[in-house]
Amino acid sequence: MISPKYNPAEVEDKWYAHWMDKRYFHSEPDERPAYSIVIPPPNVTGVLHMGHMLNNTIQDILIRKARMDGKNACWVPGTDHASIATEAKVVKMLREKGIKKGDLTREQFLAYAWEWKEKYGGIILEQLQKLGASCDWERTAFTMDEVRSDAVIKVFVDLYKKGKLYRGNRMVNWDPEAKTVLSNEEVLYSLEQSKLFHVKYKIEGSEEYLVVATTRPETIPGDTAVAVHPDDPRYAHLEGKRVIVPVIGRSIPIIKDAYVDMEFGTGALKVTPAHDVNDYEIGNRHNLAVIDVFNEDGTMSADATIYLGEDRFVVRKKFVKDLEAADCIIKIEDYQNNVGRSERTNAVIEPRLSLQWYVDMKALSTPAAEAVASDEVEFFPKNQKNIYRHWMENIKDWCISRQLWWGHRIPAFYFNGDVFVAETIDEAYNEAKCKYVDLKIEDLHQDEDVLDTWFSSWLWPISVFDGFKDRKELDYYYPTSVLVTGWDIIFLWVARMVMAGYEWEHKRPFDHVYFTGMVRDKQRRKMSKSLGNSPDALKLIEDFGADGVRFGMLLSSPAGGDLLFDEKLVEQGRNFCNKIWNALRLVDGWETDENVSISEGEMLAYHWMVNKMNALATDIDKNFKEYRLSEALMSIYSFVWSDFCSWYLEMVKPNFGEKISIKSRENTIQIFSEICSLMHPFMPFVTEEIWHQLKNGNQDGDCIISTFPKPAPYDQVLIDRVEQAKDIITNIRDVRNKNGIKMKDELDVLMIKSDRAQALVNQSGWPEICLKLGNLRSIQLSDDESLKGIGFISGTEKCIVILQQEINMEAELDEKIKELEYQKGFVASVQAKLSNERFVSGAPEAVVAKEKAKLADGVERIRILEDDIRRLEN
RNA sequence: GGGAGAUUAGCUCAGUUGGUUCAGAGCACCUCGUUUACACCGAGGGGGUCGGGGGUUCGAGCCCCUCAUCUCCCA
């Protein structure tokens with residue numbers, strides 16, 4: 001006995017284990033065409049969130065479809081070491097244990113970090129399995145495992161040797177909390193409420209003073225000049241003079257620089273070269289000293305001369321008090337400015353002068369920009385192309401060193417101010433010995449820093465196939481077929497992978513990029529831990545089933561568009577599972593009788609389904625090619641729920657107490673099985689279960705490796721005839737509803753004679769379907785339009801439901817008049833078109849022919865309506 | 001300051017090179033219904049003139065201009 005409710009928990013784990021057991025997810029190069037996807041590696045110690053669910057559901061759909069299409073499908077999973085994020089977590093964990101990172105050696109710290117990774121590293125992958133992800137788990141990679149680490153080191157050395165990688169002293173984005181530099185892409189800017197302080201700088205040897213507006217008074221100890229615009233008449237007389245830094249008492253020059261915006265504040269700018277990118281450039285132009293007033297953790301340095309060791313934001317308040325006490329504050333305004341924060345720690349970024357490693361991006365960007373512009377790498381949706389191009393055209397060098405321990409240590413070795421870059425210390429030593437003959441290997445000192453996480457992820461499509469060492473797999477799987485990722489990491493990751501692909505493989509890393517939207521809540525807010533608006537992914541799977549969740553995530557998620565998550569959607573998915581589950585119950589309960597033969601109506605219903613399925617497969621094929629997955633799913637949904645369950649099953653289901661023919665049951669099971677295949681990529685668990693139930697244990701193979709329905713020719717005429725039967729039945733049901741006629745009361749229906757009407761009733765099985773679903777005694781042709789009853793028009797056919805009882809003439813008349821008005825307007829517009837000489841001669845023949853047909857149909861309907869109205873009025 | 005995108009039913013969104021009876025889907029809503037798969041259900045229904053204005057065209061939700069509003073990215 002099958003339960004009336006589908007219970008996902010009972011089937012999901014069972015089938016996942018079965019698939020694993022059969023190694024369906026595993027791929028090895030063979031003679032079939034490859035279809036490969038590399039997973040965007042989630043943070044190794046992260047947990048599954050809504051973004052992952054959306055992203056990985058899409059990848060799983062694509063990979064399962066490819067597998068069913070007979071391709072060698074390979075989805076490579078893995079995790080990212082996520083340098084900053086993971087190190088921050090480990091530091092926090094240690095702090096809770098009372099251990100300070102500063103008290104540990106590098107080796108000790110890394111031991112803790114690896115331990116942490118071993119403990120939590122597998123969680124997110126297990127969660128992906130709950131979702132149904134059909135990854136080749138035998139290939140699971142990690143950005144810091146041996147193969148991937150070797151690739152990183154090799155690439156670093158290679159770029160250095162090619163002169164595309166260098167070390168430079170520049171202004172960087174400093175994260176004082178993580179105590180590391182960040183790339184531009186890791187800094188997020190947003191408008192924040194702050195204050196603008198107007199501060200007096202006394203002019204040396206005068207009672208006069210200059211007023212400078214600043215949002216950052218705590219950097220005043222680092223001022224080395226005050227700048228005004230060269231054309232500013234207000235300050236022309238101050239040429240060559242100097243001012244005194246308030247409270248600090250140091251004397252600094254007044255300089256002229258065109259960078260200054262005369263409109264902003266007072267038109268005078270304090271110049272702090274150590275703590276602002278623009279000030280740094282002004283400082284360079286005017287040979288100004290650089291006074292760094294902060295330590296690496298954002299506290300005041302010895303050079304600040306005040307508040308040594310106190311935090312920059314505490315000092316801001318204290319120093320403003322000092323300024324007020326010295327009568328140096330003119331006013332304090334509320335002010336909104338753009339504040340940069342660390343993507344990972346959310347700390348306010350401090351611009352800082354620092355010696356770091358950079359990749360020369362101009363050297364790498366040209367082929368990468370060209371590849372996307374020419375659609376060699378094709379973006380879905382297209383509009384991301386512009387954003388990509390804009391970034392490529394304004395590309396800045398990539399700062400890749402990080403002052404962290406968890407990551408790939410930079411393979412640069414130093415001695416006496418010289419740097420030797422090599423894959424191993426031995427190689428570096430050999431190189432160094434050429435210059436320093438007496439050098440001992442212990443004298444070489446390796447760079448303390450590690451590389452940006454993305455410096456390993458940008459190699460992912462190559463490195464997961466061990467492509468830097470062995471070409472065997474790479475030649476088969478590369479370029480990968482498609483990359484599925486969020487648009488938020490287009491620069492951090494996608495663009496850089498394209499560059500790496502061309503740099504080392506001279507080939508694109510993937511044919512297509514499918515950008516998913518961000519998952520947001522109903523109020524359009526990003527899902528985030530701090531807002532607490534992110535549903536627990538695993539709980540959702542528990543409550544609604546993996547298939548229900550997959551359905552819900554996908555249904556309202558066109559490429560690139562944000563997804564407003566609403567539990568209603570997964571509810572719909574769960575209901576859908578239950579619907580087909582109950583279709584199974586129905587079919588399962590049918591008893592066959594070999595003495596019963598299939599009826600004409602059942603045959604027609606079957607042919608209708610087969611043709612409709614072919615039409616649907618054609619449509620879905622097109623939608624898949626354009627990555628319109630939510631549309632594909634939507635059309636499957638309405639086909640299954642409406643056409644299959646509401647119409648087909650009702651057409652063939654035996655009457656109460658009767659049995660079904662063997663043939664009709666077989667037909668139904670065949671269609672149902674194909675529907676399972678069609679749905680499988682989207683909803684793998686429920687379809688696998690039903691697939692097997694349908695075969696009553698006589699399983700030949702599994703749904704997961706069945707053939708996905710392919711586009712095939714279909715008979716549109718036959719489809720249209722059954723669709724018209726549906727239309728007539730719906731009209732009859734409407735007549736019943738409006739006139740309070742019970743479903744169980746049989747009715748007689750007439751169709752007014754016409755060629756079309758004749759063809760319909762002559763279609764084998766057609767009248768039978770109408771009788772069964774309309775609960776009619778008869779449906780016949782007639783010449784007599786004046787018969788008593790309620791008329792309606794289906795297509796161009798007039799039908800009459802014969803009624804003995806009195807009918808509501810007035811309502812009937814109103815409806816007809818309304819309909820007539822609409823038809824008249826419609827015909828008028830078509831006529832206007834057709835009487836326009838320029839339309840008839842200008843438009844394609846087919847369009848004109850269609851317009852003519854529209855006109856004829858409209859005229860026919862008007863004739864019927866006018867007749868009806870005349871009769872009703874009498 | 002520079003750039004991208006959006007505005008279609010109460011809500012969330014489709015609408016693919018301008019031409020099928022094109023104004024759609026899902027949800028929500030209204031009426032009816034406990035017929036032997038399913039109330040996580042069935043039958044039926046109402047609802048928008050496609051942000052405003054202008055233009056191109058035989059023909060515009062779709063192309064162009066303009067205004068308004070909103071979102072995002074970059075600096």
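Per chain, numbering begins at 1; letters A, B, ... match sequence-line order.
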Rounded distance (nearest 0.5 Å) linking atom [atom1] of [X] with atom [atom2] of [Y]:
X	Y	atom1	atom2	value
A:I395	A:S365	CD1	OG	5.0 Å
A:E186	A:I349	CD	CD1	9.0 Å
A:N278	A:D257	CG	CG	10.0 Å

Using atom [atom1] of [X] as one end and atom [atom2] of [N] as the other, report the distance to the nearest whole Å.
X	N	atom1	atom2	result
A:R585	B:C41	CZ	C1'	12 Å
A:Q572	B:A28	CD	C1'	12 Å
A:E393	B:G3	CD	C1'	11 Å
A:Q716	B:U20	CD	C1'	11 Å
A:I2	B:C38	CD1	P	12 Å
A:I741	B:G44	CD1	P	15 Å
A:L633	B:G26	CG	P	13 Å
A:M651	B:G42	CE	P	16 Å

Identify all pairs in which a protein N or O lies below 3.5 Å from an N or O of nucleotides 71-75 of chain B, and state each distance.
from  : atom 1 : to     : atom 2 : distance (Å)
B:A75 : N6     : A:N338 : ND2    : 2.5

(request) Check RNA chain B for consecutive Watson-Crick or G-U pairs with both distances under 3.5 Å and list the runs of at least three as stems. (result)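 B:1-7 with B:68-74, B:10-13 with B:24-27, B:29-33 with B:41-45, B:51-55 with B:63-67 - these are the stems of 3 or more pairs that involve RNA chain B.
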(request) With heavy atoms under 4.0 Å as the rule, sort A:K5 into base, sugar-phosphate or nothing. (result)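 Base contact - A:K5 has a heavy atom under 4.0 Å of at least one base atom.
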(request) Could you tell me whether A:K568 contacts a base, only the sugar-phosphate backbone, or nothing, with contacts defined as non-hydrogen atoms closer than 4.0 Å? (result)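 Contact class for A:K568: sugar-phosphate only.
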(message) Among residues at least two apart in sequence or on other chains, which ones pass ring-ring contact (aromatic ring centres under 6.0 Å, His included) with A:W581?
(response)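 ring-ring contact (aromatic ring centres under 6.0 Å, His included) check on A:W581 returns A:Y6.
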(message) List the residues meeting ring-ring contact (aromatic ring centres under 6.0 Å, His included) with A:F379, not counting sequence neighbours, and say none if there are none.
(response)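 Listed in chain order: A:Y388, A:F515.
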(message) Taking the basic N atoms (NZ, or NE/NH1/NH2) and the acidic carboxylate oxygens, is any pair closer than 4.0 Å for A:K539 and A:E542?
(response)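 Looking at A:E542 together with A:K539, the answer is no, because their closest N to O distance does not fall below 4.0 Å.
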(request) Identify whether the distance between the nearest side-chain nitrogen and carboxylate oxygen of A:K362 and A:D397 falls below 4.0 Å. (result)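 Looking at A:K362 and A:D397, the cut-off is not met.
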Pairwise N/O distances under 3.5 Å, protein to nucleotides 31-36 of chain B:
none

(message) Under 3.5 Å, is there any donor-acceptor pair linking the side chain of A:E650 to the base of B:A43?
(response)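 Not at all, since no donor on one side and acceptor on the other fall under 3.5 Å apart.
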Using the 3.5 Å cut-off, write out each protein N or O paired with an N or O of nucleotides 15-18 of chain B and the distance between them.
from  : atom 1 : to     : atom 2 : distance (Å)
B:G15 : OP1    : A:R628 : NH2    : 3.3
B:U16 : O2     : A:E626 : OE1    : 3.2

(request) When you get a sec, tell me which of B:G45, B:G26, B:A4 is the closest nucleotide to the side chain of A:D734? (result)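 The listed nucleotide nearest to A:D734's side chain is B:G45.
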(message) Check the phosphate of B:G44 against A:R733, side-chain N and O only, distance under 4.0 Å to OP1 or OP2. Yes or no?
(response)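 Result: yes.
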(request) May I ask you to establish whether A:K695 and A:W691 are in a cation-pi arrangement, using a distance under 6.0 Å from NZ or CZ to the six-membered ring centre and at most 45° from the ring axis? (result)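 Yes - A:K695 lies over the ring of A:W691, closer than 6.0 Å to its centre and within 45° of its axis.
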(request) Report the C-alpha separation of A:R863 and A:E860 in whole Å, then their side-chain angles, then the decisive distance to 0.1 Å, and conclude whether the salt bridge (charged side-chain N to carboxylate O under 4.0 Å, His left out) test is met. (result) CA-CA 5 Å; A:R863 189 193 63 76; A:E860 171 64 7; 3.4 Å; yes
